[in-house]
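The next block holds one structure in the form of structure tokens; read it before the comments.
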Amino acid sequence: AAAAIKGGAAAAAVPPLAASDLSFLQNNGDLYDLIDALDPSQRPSWSPYPGDAAAEGVPDTAAGAARLFHEIALAGKCSGAVALAPGGGDLLVGHSTWDGYSANLRVYKHYDFAFSAAENGAPAGGGEPSNGAAAGGGSSGDADFATGGLSFSSYPGEISSDDDFYITGAGLIVVGTTNKIFDDSLFDLLDHRSAPSWVRARAASWLAADGEAWTAAVAAHNSGTYNNAYFVVDAKRFAPGDSPLQRGLLWVAEQIPGRVVARDVTDTLAEQSYWAAFNVPALPEVYAASGYPDFVSRLERFGQRFSRS
């Protein structure tokens, strides 16, 4: 270790990262679903002995259900919530990533790009640039970009969050948690003519000025990989004591292969004073299409029960 730190022979033996290594690193989240799609043995298994070909296909057993319940309960990576303080005097947004100590190499990153008119699709030098700073900081060179400013929790070598926590210069706070796919037929909808989730999340965060625009942008070119539930808080639409809350304050988008469902859930926030995300789809149509009802029913036959508490 000392030789490596001092740049000795041990350090020389470690090769630099190739472009393919960096690409692999960026696609970390998308690989979860790519692995499940390409290798069925990696998908949730009801066998008490996963990986044992002779045991696959046997009827559900209590042992298999208990093992799978434990596996799924520990498989989620994130929790997030937005909550109104008592009396509506403040709005609190939080996100937590569950991971081992080996992932405790956090880097909080701040980007501020001055996008040019040419990058927005306009001829270089053509048109009037927009007036500098978007709400919350960050600069933008054209109206097509809401901001050039983006802050997010991340890791060495990664240019997106991977925790799925972003604050944009347009005043948006974006939180994501990751859902499982239990209907294997959805993997047939994966198409390489798409954009990975990390590309879409970054693009949406620069392009969108509000939650509706962010959810529409992240849905474009859906890869069906890293199937997240995002919620987007538009801080510009909140003032302490607001009653009723301004429409568009809170948008949600939930992704599965072939589909992204998005809606304004500000009314739900007002009714229950919070919105929570914990690696299970909140929107009924996404919950059903992902295969959760059958999965939960099979678990409950053997006394394994999830709850929202």
Side-chain angles (χ1 to χ4, degrees), residues 23-24 26-46 68 71-72 75-78 80 160-166 172 174-208 210-232 250-265 268 275-299 306:
S23 177
F24 188 90
Q26 310 315 316
N27 285 283
N28 174 47
D30 293 272
L31 288 171
Y32 299 155
D33 290 299
L34 284 173
I35 290 170
D36 283 355
L38 297 172
D39 184 358
S41 71
Q42 298 300 310
R43 301 172 191 173
S45 170
W46 289 89
L68 186 56
E71 175 185 309
I72 297 301
K77 190 181 177 186
C78 298
S160 64
S161 174
D162 206 12
D163 286 339
D164 305 310
F165 178 80
Y166 296 92
L172 304 182
V174 181
V175 171
T177 68
T178 307
N179 301 329
K180 289 290 290 182
I181 298 297
F182 295 112
D183 183 348
D184 290 351
S185 68
L186 290 176
F187 291 121
D188 296 335
L189 301 176
L190 298 189
D191 190 333
H192 68 278
R193 294 167 297 185
S194 58
S197 67
W198 66 272
V199 172
R200 290 181 284 115
R202 279 164 40 95
S205 297
W206 279 315
L207 292 169
D210 56 41
E212 183 175 13
W214 196 97
T215 59
V218 85
H221 309 292
N222 174 18
S223 60
T225 54
Y226 203 29
N227 290 291
N228 283 346
Y230 296 102
F231 67 76
V232 185
L250 179 62
W251 270 78
V252 168
E254 296 190 335
Q255 173 192 300
I256 56 176
R259 187 179 186 187
V260 177
V261 179
R263 64 179 52 123
D264 185 341
V265 293
T268 303
W275 180 274
F278 37 81
N279 310 295
V280 176
L283 304 180
E285 56 267 60
V286 178
Y287 182 86
S290 301
Y292 277 83
D294 178 63
F295 174 76
V296 171
S297 175
R298 293 172 71 182
L299 283 178
F306 288 103

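Between Ala204 and Val218 the shortest heavy-atom distance is CB-N, 3.9 Å. The two atoms that bring Val175 and Gly80 nearest to each other are CG1-CA, 4.0 Å, heavy atoms only. Pairing each heavy atom of Ile181 with each of Pro257, the nearest pair is CD1-CD, 3.8 Å. Of all heavy-atom pairs spanning Gln26 and Ser160, the tightest one is OE1-N, 4.4 Å. Of all the heavy atoms in Gly211 and Leu172, the pair that sits closest is N-CD2, 4.2 Å. In this structure, Ala282 and Glu254 approach most closely via the heavy-atom pair N-OE2, 2.7 Å.
No side-chain donor-acceptor contact under 3.5 Å links Glu285 to the backbone of Val261. Remark: side-chain polar atoms of Ser205 are paired, donor with acceptor, to backbone N or O of Ala201 under 3.5 angstrom.
Separation of atoms NE2 (His221) and CZ (Arg193) is listed at 12.5 Å; rounding is to 0.5 Å. Distance check, rounded to the nearest 0.5 Å: NZ of Lys180 to CG of Asp33 gives 7.0 Å. Between the OH atom of Tyr166 and the CH2 atom of Trp206 there is a distance of 9.0 Å, given to the nearest 0.5 Å. To the nearest 0.5 Å, atoms CG (Leu189) and OG (Ser194) are separated by 11.5 Å. How far CG of Asp30 is from CG of Asn27: 5.0 Å, rounded to the nearest 0.5 Å.
Under the 30°/60° scheme for interplanar angles, the aromatic rings of Tyr230 and Trp214 are found to stand perpendicular. Note on ring orientation: taking the six-membered ring where Trp is involved, the planes of Tyr32 and Tyr226 are perpendicular (angle over 60°, cut-offs 30° and 60°).
A donor atom on one side chain and an acceptor atom on the other are not found under 3.5 Å apart for Asn279 and Thr178. A donor and an acceptor atom, one from each side chain of Asn227 and Gln255, are located under 3.5 Å apart. At a cut-off of 3.5 Å, with distance as the only test, a side-chain donor of Arg200 or Ser223 sits close to an acceptor on the other residue. Judged purely by distance below 3.5 Å, without hydrogens or angles, the side chains of Trp198 and Asp162 never pair a donor atom with an acceptor atom. For the 3.5 Å distance criterion, the side chains of Ser161 and Asp163 fail to qualify, holding no donor opposite an acceptor.
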*Please walk me through it: do Val296 and Tyr287 pass side chain to side chain contact (heavy atoms under 4.5 Å, CB included)?*
CA-CA 11 Å; Val296 171; Tyr287 182 86; 3.7 Å; yes
_Phe182/Asp294 under side chain to side chain contact (heavy atoms under 4.5 Å, CB included): CA gap, chis, key distance, verdict_ = CA-CA 9 Å; Phe182 295 112; Asp294 178 63; over 6 Å; no
_Evaluation steps, side chain to side chain contact (heavy atoms under 4.5 Å, CB included), between Tyr292 and Asn179_ = CA-CA 10 Å; Tyr292 277 83; Asn179 301 329; 3.9 Å; yes
*Take Val260 and Thr215 through the side chain to side chain contact (heavy atoms under 4.5 Å, CB included) test and state the conclusion after the steps.*
CA-CA 9 Å; Val260 177; Thr215 59; over 6 Å; no
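The side-chain heavy atoms of Ile72 and Phe295, taken from C-beta on, include a pair separated by under 4.5 Å. Side-chain contact between Leu31 and Phe24: present, with at least one pair of heavy atoms (C-beta onward) separated by less than 4.5 Å.
Checking Val286, Val252, Thr177 one by one against Pro281, the side-chain contact (heavy atoms from CB on, under 4.5 Å) holds for a single residue, Val286.
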